[in-house]
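Bear in mind that the values here come from a model prediction, so they are computed numbers and not experimental data. Letters go in sequence order (proteins before strands), and every chain restarts at 1.
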4 protein chains.
Amino acid sequence: DESLVIGTHTLRSRLIVGTGKYETFPQMQQALDLSGADCLTVAVRRERLYDGQGQNILDFIDLARYTLLPNTAGCYNADDAVRVARMGREILRSLENAGADWVKLECLGDPKTLLPDPIETLQATERLVADGFQVLVYTSDDPVLARKLKAAGATAVMPAGSPIGSGQGVLNANNIRIILEYLKADDPTYPVIIDAGVGTASDVAFAMELGVDGVLLNTAIAHARDPLGMARAMRAACDAGRWAFQAGRIPRRLYAQASSPEEGVISLRPYSS
Amino acid sequence: DESLVIGTHTLRSRLIVGTGKYETFPQMQQALDLSGADCLTVAVRRERLYDGQGQNILDFIDLARYTLLPNTAGCYNADDAVRVARMGREILRSLENAGADWVKLECLGDPKTLLPDPIETLQATERLVADGFQVLVYTSDDPVLARKLKAAGATAVMPAGSPIGSGQGVLNANNIRIILEYLKADDPTYPVIIDAGVGTASDVAFAMELGVDGVLLNTAIAHARDPLGMARAMRAACDAGRWAFQAGRIPRRLYAQASSPEEGVISLRPYSS
Amino acid sequence: DESLVIGTHTLRSRLIVGTGKYETFPQMQQALDLSGADCLTVAVRRERLYDGQGQNILDFIDLARYTLLPNTAGCYNADDAVRVARMGREILRSLENAGADWVKLECLGDPKTLLPDPIETLQATERLVADGFQVLVYTSDDPVLARKLKAAGATAVMPAGSPIGSGQGVLNANNIRIILEYLKADDPTYPVIIDAGVGTASDVAFAMELGVDGVLLNTAIAHARDPLGMARAMRAACDAGRWAFQAGRIPRRLYAQASSPEEGVISLRPYSS
Amino acid sequence: DESLVIGTHTLRSRLIVGTGKYETFPQMQQALDLSGADCLTVAVRRERLYDGQGQNILDFIDLARYTLLPNTAGCYNADDAVRVARMGREILRSLENAGADWVKLECLGDPKTLLPDPIETLQATERLVADGFQVLVYTSDDPVLARKLKAAGATAVMPAGSPIGSGQGVLNANNIRIILEYLKADDPTYPVIIDAGVGTASDVAFAMELGVDGVLLNTAIAHARDPLGMARAMRAACDAGRWAFQAGRIPRRLYAQASSPEEGVISLRPYSS
C-alpha cells in the first residue's frame, strides 16, 4: 500500500537515483543496491558507450531488478529533448525494459546552472504527451508553471529543491507547499517528486515531510566521500521522512506548555500507591 | 563498532527515548519497541506509581531488554536533583537494572520553559560525580558551560536543540559545532547528545549530521498524531543522519560547476563505440 | 550618483510603493510621503473611481512630485494585461504624467495566490515592448525566466521575494543571486527590483544587501498596525541595505579568529607610553 | 521619548559602538560620527596608550559628545574583570566622563571563541553591583542565565547574537524572545541589548524588530570594506528596525488571502463614476 504509483508504473521505493558521476561502475552498482531504489534514471546519448576501461554501464545494471527512467539530460530546447526522448524509448524497447514508455524530461536553460527552461519544458511536455509518453518533468519550483505542466498532461511534476548538484536541499519550502496544494487539491495521489539539489540525508527527510511523493537524486550519493554509506543513509532518510509525514509531527512552539506529567515515573515504592 | 559508548554503558542504538506523555502504557510499549532504542529515560518521583487504570509503568518495560536511564525531571535546584538521583539509584538497584550507576541530570530554571539552570546544573554535576554517578547532563547549548560540565566530570554532555517540547529542532547549529570542537578536540569519543527540542524526523537526521553521538527525545514521538509511525521514523532518521555524517556530504554551492559527464549514459548503439 | 535609473526614468528613491489597501486616502498620502518614494505604482481599471466617501485617489497624489507607474494588477492573461497597460498609458497621458511610457506588468496565475503566470507574462512582455512600452515585469524568482524577460526587452525584471502579501521576505536568496549574475554579468546597471513578499524592514535591508537595485512593496506598509511608522522604517531600511551592500560586509565565521587588539584602549596612564 | 534609558544614563541612539579594530584613528573618528552613536565602548588596559604613530585614542574622541562605556575585554575571570572595571572607573573619573559609574562586563571563556563564561560572569556581576557599578553584562543567549544576571542587579543584559566577530547576526531568535519575555514581563523598560555577532545592516534591523532595546557592535563596521559607509548603514538599520518593531509588522502567510481591492485604482473616466 505504500508503493509509489507514477502513471502505469508502481515503485516500491520512493527514492529514484541517477547513475552518473560514480568513480567506477562497480561502485555505482553497489550504491544503487544500497539505496533501495528500484527505479534508475539514465541519460540517453549517442556517444561514449564504453567508458575508459571499455566497460558498458548496462553490464552493471540488472534489468530484471530495475526499471529504467531515461532522461534527456544535456538538452537545451524542446526539439532536442523530444528527439532524445524518442531515442531513449527505442533503446529501452530493444532492451525490453518497462521504462520504454516514460521519460524524465530535462530541458535546461544553460550548461552553467543546469536550471530548467520553463518555456521549452512546457512545449516539450506537450509534444511528448501527444507522442504517447508518460512524462515526468523536471521543473523549477514555480507553482504556476507546475500547474501548467500537470494541465499539459505530465504524469508527474518534479520541482527542483535547489540547482542540480548544489547540495542546498529544499530552498523554498513555501513554493513546494503551494505546488502540493495546487496539484493535489482534487487529485491527492498525483505524484510530486523533488528532483535536484539534495545534499545530505536530512534534506531528503525534510522534503518527504513536506508531503512530496518521492525524491530523485544523484550527485549527493555519487560525490559523497563514501558513496556507499551515503546511499544507505538516503534510503533510511527517505523512509524516515515519509513515515514522519504520515505520522503527523508535533507543532512548533516558542517553548512547551507547562506540564507536570506523572506518567513514565518510577518510584521508591513500587507496586504500592 | 557502531555502538554508542557512554561511560561504562554501551548502547546499540543512538536514539534514547523517554517514557512520558503517552496515552496508554501499551502504546508506549509499542513505540519504544519501534524506536529501536535500548536505553529509556524514566522520571524518578515518589508518587503516582499507578496511573488512572491502576497500571504501573514497570509492567510495560522489559528490564532484560532496556537499560533505564533515571532522570531528575521536575527538579529546580541542585539539592533536589541530587536527592532524586540517589532515589533513582536505589530504585534501579532494587530492580537490578544496569542503569543504577548513571543519571540524566535535569536541573531546570522554571516550570514554564523547562530550560536548564546553568548554575545549579553545574553544582549538581560536581556533587553527583563526587557521589560516584556517571552523569549525563542536560544543558543549554552554551559552549563554555558545556566545557565546564565536561571538566566537572560529566560522562556525557547533552545540549538542548531547542526548548523541551518545542518541536523546533536544532536552532543554533553554530553552538553545537563549537561544543563538538571544544569537547572532542582531544577526546573524539566523548559523547555529545542532543537532548530536547526535536519535532520531527529531519531534526534528528540534521542533528546527527552535525556529528553528535546521539539524540534523546520523547514528546516528538509521544505527541505525534501516530506515535508508532513516528517512532519508526525516528529510528530511521537517526540511522540516516549518522550514516550521512560518516559518509561525508557534498559541499553546498550556488549552483553546480558545469559538467558534461558521459558516464551513466545509454545509447542506441550498445556494445559498439 | 545614487539615483536609480530605469530606462528613461531616474528615481531618487530605491523604494517604489503601491497605493492600495490603505484605510483612508489621507493615511495613504502621509505614508507615501514618509516612505521617501518618488515613484508610485497604481492599478489601472475601469470602475470604482470614487471610494465609499466619494473621494478620488488622484486628489491625494501630488502629480508634480510623484512619477506614477501604472500596473496591470488583476490581469490573468496577456490580452488583458496589454489592454490594461494601454488604458493606463492613455490615462497618464491625459494627466501629463511622466509615467505614461512605462508599465509594471503583472500577469497572474490565479486570484488565490497572486503568483505570476510565466508564459503569459513573457508573451505580454514581448507585445508591450513591441508597442513601445518600457516594461517593468513582475515575475517569479526563476532565473531562466528572468533572463528570457530581459532578452524579450524588459526594461527591468522584478522577481517576487515571496507571494504578494505573504510577508515572508526573500525566501530564496540563491535564486536572486543567480538572477543578478545572469542579468548583470555584462550589464551591471540593468535594474533588478524585488517586487512582493516584503513583511518588515529587515526584509528590505536583506534584499538590498543581495545587490538588487530597488524594492517595490505595498501591503507591508498599508497593513502594518501603524502604516506611517512602517513607511518611515521602510525608507530607512532601504537606505541601510543599499549602503551596507556598497560598504561590503565582513565574512561569516563559526567564531572570530583570536585577536588581541590593543587599539581602542584607554589606560590609567594617559599620555605616556 | 525614544531615548534609550540604561540606569541613570539616557542615550539618544540605540546603537552603541566599539572603538577597536579600525585602520586609523581618523577613520574611527569619522565612522563613530556617521554611526550616530552617542555612547562608545572602550577597552581598559594598562599598556599601549599610543599606537604605532604615537597617537592616543582619546585625542580622537570628543568627550563632550560621547559617553564612554568602559569594557573589560580580555578578562577571563571575575577577579580580572573586577580589577579592570575599577581601573576604567578611575580613568573615566580622571577624564570627568559620565561613563565612570558604569561598565560593560565581559568575562570570557577563552581567547579563541571569545564566548562569555557564564559562571565567572555571574560572579563578577554580583561583585561589581555590590561595588556600586551599573553593570551592562555581555552574556550568551541562555534565557535562564539572563534572568539570573538581572536578578543579580545588572542594569542591562546584553546577549550575544552570535560569537564576537563572527558576522552571523542573531542565530537563535527563539532564545532572544524568551529573554525578552523573562526580563520585561513585569518591567517593560528593562534594557536588553544585542551585543556581538552582527555582520551587516539587516542583522541590526532584525534584532531590533525582535524588540530588543539596542544593539552594540564593532567589527561589522571597523572591518567592513568601507567602514564609513557601513557606519551610516548601521545607523539607518537601527532606526529601521526600531520603527518597524513599533509599527507592528503584517503576519506571515503561505500566500495572501484573495483580495480584489479597488482602492488605489486610476481610471479612464476620472471624476465620474
Side-chain angles (χ1 to χ4, degrees), chain A residues 19-21 42-46 48-51 57 87 91 111-114 163-168 199-202 205-206 209 219-220 223-226 229-230 232-233 236-237 239-241 243-244 246-253 255-256 258 261-268 270 273, chain B residues 19-21 42-46 48-51 57 87 91 111-114 163-168 199-202 205-206 209 219-220 223-226 229-230 232-233 236-237 239-241 243-244 246-253 255-256 258 261-268 270 273:
Chain A
T19 53
K21 304 187 181 178
V42 290
V44 177
R45 298 276 183 68
R46 276 215 185 69
R48 280 292 306 281
L49 189 63
Y50 292 98
D51 72 357
I57 188 173
M87 197 188 309
I91 297 170
K112 186 178 166 196
T113 66
L114 303 180
I164 291 178
S166 73
Q168 300 199 93
T200 186
S202 58
F206 179 82
E209 287 166 358
T219 312
H223 282 186
R225 200 181 54 226
D226 169 15
M230 191 58 87
R232 198 167 62 141
D239 284 342
W243 294 336
Q246 295 179 311
R249 59 159 294 154
I250 58 171
R252 285 184 185 82
R253 296 170 177 164
Y255 46 78
E262 297 296 328
E263 340 81 272
V265 163
I266 61 173
S267 160
L268 267 177
S273 55
Chain B
T19 52
K21 304 186 181 179
V42 290
V44 178
R45 299 274 183 68
R46 276 217 185 68
R48 281 294 306 281
L49 191 61
Y50 292 100
D51 73 356
I57 188 173
M87 197 189 307
I91 296 170
K112 187 177 164 195
T113 65
L114 304 178
I164 292 178
S166 72
Q168 299 198 93
T200 186
S202 57
F206 179 82
E209 286 166 359
T219 312
H223 281 186
R225 198 180 55 225
D226 169 16
M230 192 57 88
R232 197 166 62 140
D239 284 343
W243 294 336
Q246 295 179 313
R249 58 160 294 155
I250 58 170
R252 285 184 186 81
R253 297 172 177 161
Y255 47 78
E262 297 295 327
E263 341 81 271
V265 164
I266 59 173
S267 160
L268 269 177
S273 55

Novice: Residues two or more places apart in sequence or in another chain: which of them pass side chain to side chain contact (heavy atoms under 4.5 Å, CB included) with B/T113?
Specialist: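 Side chain to side chain contact (heavy atoms under 4.5 Å, CB included) list for B/T113, sorted by chain: A/Y255, B/D110, B/L115, D/I178, D/Y182.
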Novice: Chain A: which of B/A205, B/P251, B/A201 shares the most heavy-atom pairs with it under 4.5 Å?
Specialist: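 Heavy-atom pairs under 4.5 Å are most numerous for B/A201.
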Novice: Nearest heavy-atom pair of A/T219 and B/I250: which atoms, and what distance?
Specialist: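 For A/T219 versus B/I250, the nearest heavy atoms are O-CG2, 3.8 Å.
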Novice: Relative to chain B, which of A/P163, A/G229, A/G199 shows the most heavy atom pairs under 4.5 Å?
Specialist: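 Most heavy-atom pairs within the cutoff with chain B belong to A/G199.
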Novice: Please name all residues satisfying side chain to side chain contact (heavy atoms under 4.5 Å, CB included) with B/T200, sequence neighbours left out, ordered by chain then number.
Specialist: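 So B/T200 forms a side chain to side chain contact (heavy atoms under 4.5 Å, CB included) with A/E209, A/A244, A/R249, B/S202, B/D203, B/M230.
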Novice: Which atom pair, heavy atoms only, marks the closest approach of A/Q168 to B/R253?
Specialist: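 In terms of heavy atoms, the two residues are closest at NE2-O, 3.1 Å.
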Novice: Can you name the nearest heavy-atom pair linking A/A236 to B/A240, along with the distance?
Specialist: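 Smallest heavy-atom distance, with atoms named: CB-CB, 3.8 Å.
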Novice: What's the shortest heavy-atom distance between B/R225 and A/Q246, and which atoms?
Specialist: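 What the structure gives for the nearest pair is NH2-O, 2.6 Å.
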